[in-house]
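Data block below; observations after.
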There are 2 protein chains.
Amino acid sequence: MLTDRQLMIFQVIVDDFIQTAQPVGSRSLSKKSEISFSSATIRNEMADLEELGFIEKTHTSSGRIPSEKGYRYYVDHLLSPQRLNKQEVHQVKSIFVERIYELEKVVQKSAKILSEMTNYTSIVLGPAVRDNKLKKIQIIPLNDHTAIAIIVTDSGHVENRMFHLPETMDSGDIEKMVNILNDRLTGVALESLNNKIYKEVAVLLRQHIHHYDLMLSSIVDTIKMPASEKLFFGGKTNILSQPEFHDFDKVKGLLNMIEHEEGIYDLMRKNEAGISVKIGRENNNSAMDHCSLITASYSIGAEQLGTIAILGPTRMEYSRVISLLQYLSNGLSIELSKLYQNE
Amino acid sequence: MLTDRQLMIFQVIVDDFIQTAQPVGSRSLSKKSEISFSSATIRNEMADLEELGFIEKTHTSSGRIPSEKGYRYYVDHLLSPQRLNKQEVHQVKSIFVERIYELEKVVQKSAKILSEMTNYTSIVLGPAVRDNKLKKIQIIPLNDHTAIAIIVTDSGHVENRMFHLPETMDSGDIEKMVNILNDRLTGVALESLNNKIYKEVAVLLRQHIHHYDLMLSSIVDTIKMPASEKLFFGGKTNILSQPEFHDFDKVKGLLNMIEHEEGIYDLMRKNEAGISVKIGRENNNSAMDHCSLITASYSIGAEQLGTIAILGPTRMEYSRVISLLQYLSNGLSIELSKLYQNE
DNA sequence: GTTAGCACTCTTTGCTAACGAGTGCTAAAT
DNA sequence: ATTTAGCACTCGTTAGCAAAGAGTGCTAAC
């Protein structure tokens, strides 16, 4: 439906606008070395492109900028995968130089590096713990009234929570209880823990321990908490450097969304494997108007662990960001697999 | 050095400017009900106040605004402690309604509420753990190569860290090691732990366990980590609503400081007990120009635990914020004391 | 000591003109 | 049948200017 020439003009428009943030006009286009026809010809082609909805004007006599539909087409059909240069490869690899034992650290560092390299805001949805399996439950009394429950999963995730110790419970009871819990629950996935406790373990506890219920509910609370994965951000203030966001209301909306993490989960949870690009209103979030979000998932084997993403203006360096995310998500998957290969 | 009339005029100027953010002129002052002299008289007095450095002009023929020196004087001498109204008291109390067992939660909630009530940004320096005493160390092997070390303090703080398990170490060794560590280190303050381990415990370990050193260093790392207390923020974007910060460079500087937590520790660690007000350049931080920081410490008994603070423009509602912080830090101290009264 | 009056300064606002970048359209050139 | 040159027109930006408004400092009268 588009002629080759329209295509090439369109591509130059998008590339130029991504670089300069200025509407691009027929005259400046005609001067580009790639383009050998006059500005009048370009004007005609641009009128067609506009009619087709790929580009638009900011006012009646302005140059053109890509529309959302235009960006979508650009991303789907015109993107040439960009090779990372040596420095970029080096920077990404720097995330993994230290031998790593903690997921959160790696994930956090990824967010930081990513935002520094792109000058956009990075968002990383930390590894899901819901399919982690319970490794150990421990209860450590702090004094006569309070104790702390700690659970450890097979991937090394630790959750803890303080709770009130019922008066009637002595240290023998606690030990008994912990033993029963570990005996029955080790190896059970976190998401089925709740069920299992009430269906199978509660009965058992009742036989051995008085007033087990208060304590049990505390432990169940501890387990429930990490149901929602953690979000990490990098370069939250990079948004302020983008010329399209020299508008206080827009910035406020975005930063508020980020601060309260409202809607971020929704944005991140596409759960398609691989790379996904959402442009402007495709994100279904008014704060994200004029913003694009590029997400990539990382995984161990077939199991998706989490998502990394870049949030920037619709006028984003799609090509570079996609390459970066691809490379990084790949690296993450490999490193994490190494880490857990021998569970 | 100031006459009563100068004082009263000064006070009205500051109060008015805090409310309106507009330079205040002699004519508008003369219309106030508190003031019964003509604008000309006020002009004379204002000229004196300006010469003394308490107020300044934004341009030759503008109204006056308080100078930093003026705010300082206002805070030191003119502040009438403001009673909180019922709604405010209620809001602060809402922090403590749920029976609380976790410091971090309370502290986080405090930051949130505080920022909502003031429309400024709140910063809370979490409880210091350095004088916490060790309650228990545990090591939980995850697989043949990695294990996780967990330490619990008497106040219920939990730190954990993964580390590499030396090949030569079997589960018996681990158990032995953990026993020795707990035996020797329980009750020792976190800050002296490092010393004690290398001076006393290492010798002991050498006698019983081969290749103990790698593991020991991992454990020491775990302990070192929480040396710096955590910072919590509330209402980071409230800054954007203040008219004096409708300037992108200023906002960028501030948000960057907040994001990277650069210098925040320095700002917060005055360590005087009670309330402290730092105005503009008194903070020794260029990002904090035109900002004031009001801090209040909270404590258990004589032991200072942490600090809560409000960051806002120099044109801040000092009176209300100080009352709020006073009330909240008091509340925090009381609640936390309750929580730990029987350790 | 206080105040009315006045000249002066500086910011803000609205208006106009000029300029530049860009467009759409038409007619000529290829 | 394309392509291009030319031209009238639109819109945003900038500069300049005048008028209004808020405020000041000073002087002279009360």
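Everything numeric here is computed off the predicted structure, so don't read it as measured data. Naming convention: chains lettered A, B, ... in sequence-line order (proteins, then strands); numbering from 1 in each chain.
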Under 4.5 Å between any side-chain heavy atoms of A:Val92 and A:Glu88, yes or no?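 Not in contact.
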
Below 4.5 Å, heavy atoms only, C-beta onward: do B:Arg72 and B:Glu282 meet side chain to side chain?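 Touching, per the 4.5 Å side-chain cut-off.
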
Does B:Ser26 put a side-chain nitrogen or oxygen below 4.0 Å from OP1 or OP2 of D:dT24?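 For D:dT24, OP1/OP2 do have a side-chain N/O of B:Ser26 under 4.0 Å.
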
Looking at B:Lys57, I'd like to know whether one of its side-chain N or O atoms comes within less than 4.0 Å of OP1 or OP2 on D:dA22.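 It does not, given that no N or O in the side chain of B:Lys57 lies less than 4.0 Å from OP1 or OP2 of D:dA22.
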
Please report the closest heavy-atom contact between A:Pro81 and A:Ser319, naming both atoms and the distance.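 Heavy atoms only, the tightest pair is C-OG, 4.4 Å.
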
Could you state the [atom1]-[atom2] distance from [X] to [N], rounded to the nearest angstrom?
X	N	atom1	atom2	value
A:Asp48	C:dT23	CG	C1'	14 Å
B:Arg27	D:dA20	CZ	C1'	15 Å
A:Ile42	D:dT2	CD1	P	18 Å
A:Ile9	C:dT23	CD1	P	12 Å
B:Ile65	C:dT11	CD1	P	14 Å
A:Gln22	C:dA21	CD	P	12 Å
B:Ile35	C:dT3	CD1	P	12 Å
B:Leu49	D:dG23	CG	C1'	16 Å

Take atom NZ in A:Lys112; do more than 12 heavy atoms of anything else shown fall under 6.0 Å from it?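 Not more than 12 within 6.0 Å, no.
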
With a cut-off of 6.0 Å (strictly less than), are more than 12 heavy atoms of other residues, nucleotides or ligands near CZ of B:Arg281?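 Not more than 12 within 6.0 Å, no.
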
Which nucleotide sits closest to the side chain of B:Ser61: D:dG25, C:dG24, D:dG23?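 Looking only at heavy atoms from C-beta outward on B:Ser61, the closest nucleotide is D:dG23.
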
Now, which nucleotide makes the Watson-Crick or G-U wobble pair with C:dT3, with each of the two distances under 3.5 Å?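 D:dA28 - that is the nucleotide pairing with C:dT3, both distances being under 3.5 Å.
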
Sorted by first residue and then second, give each side chain to side chain donor-acceptor pair (under 3.5 Å) pair with at least one member in residues 18-30 of chain B; sequence neighbours left out.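 Counting only pairs at least two positions apart or across chains, the side chain to side chain donor-acceptor pair (under 3.5 Å) contacts touching residues 18-30 of chain B are B:Ser26-B:Arg43.
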
Residue pairs passing the ring pair (Phe, Tyr, Trp, His ring centres under 6.0 Å) test where at least one lies in residues 10-50 of chain B, sequence neighbours excluded: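 Sorted pair list: B:Phe10-B:Phe54.
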
Would you tabulate the side-chain donor-acceptor contacts of residues 287-294 of chain B under 3.5 Å, counting partners in other chains and residues two or more places apart, or write 'none'?
from, atom 1, to, atom 2, distance (Å)
B:Ser292, OG, B:Tyr318, OH, 2.8

How does protein reach along nucleotides 12-18 of chain D, written 5' to 3' as B (base within reach of a heavy atom under 4.0 Å), S (only sugar-phosphate), or - (no contact)? S------

Considering residues at least two apart in sequence or located in another chain, which fulfil the side chain to side chain donor-acceptor pair (under 3.5 Å) criterion with B:Glu259?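 Counting only residues at least two positions away or on another chain, B:Glu259 forms a side chain to side chain donor-acceptor pair (under 3.5 Å) with A:Thr237.
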
Please produce a list of atom pairs where a protein N or O lies less than 3.5 Å from an N or O of nucleotides 4-8 of chain D.
from, atom 1, to, atom 2, distance (Å)
D:dT4, OP2, A:Ser38, N, 3.2
D:dT4, OP2, A:Thr41, OG1, 2.6
D:dG6, O6, A:Arg43, NH2, 3.0

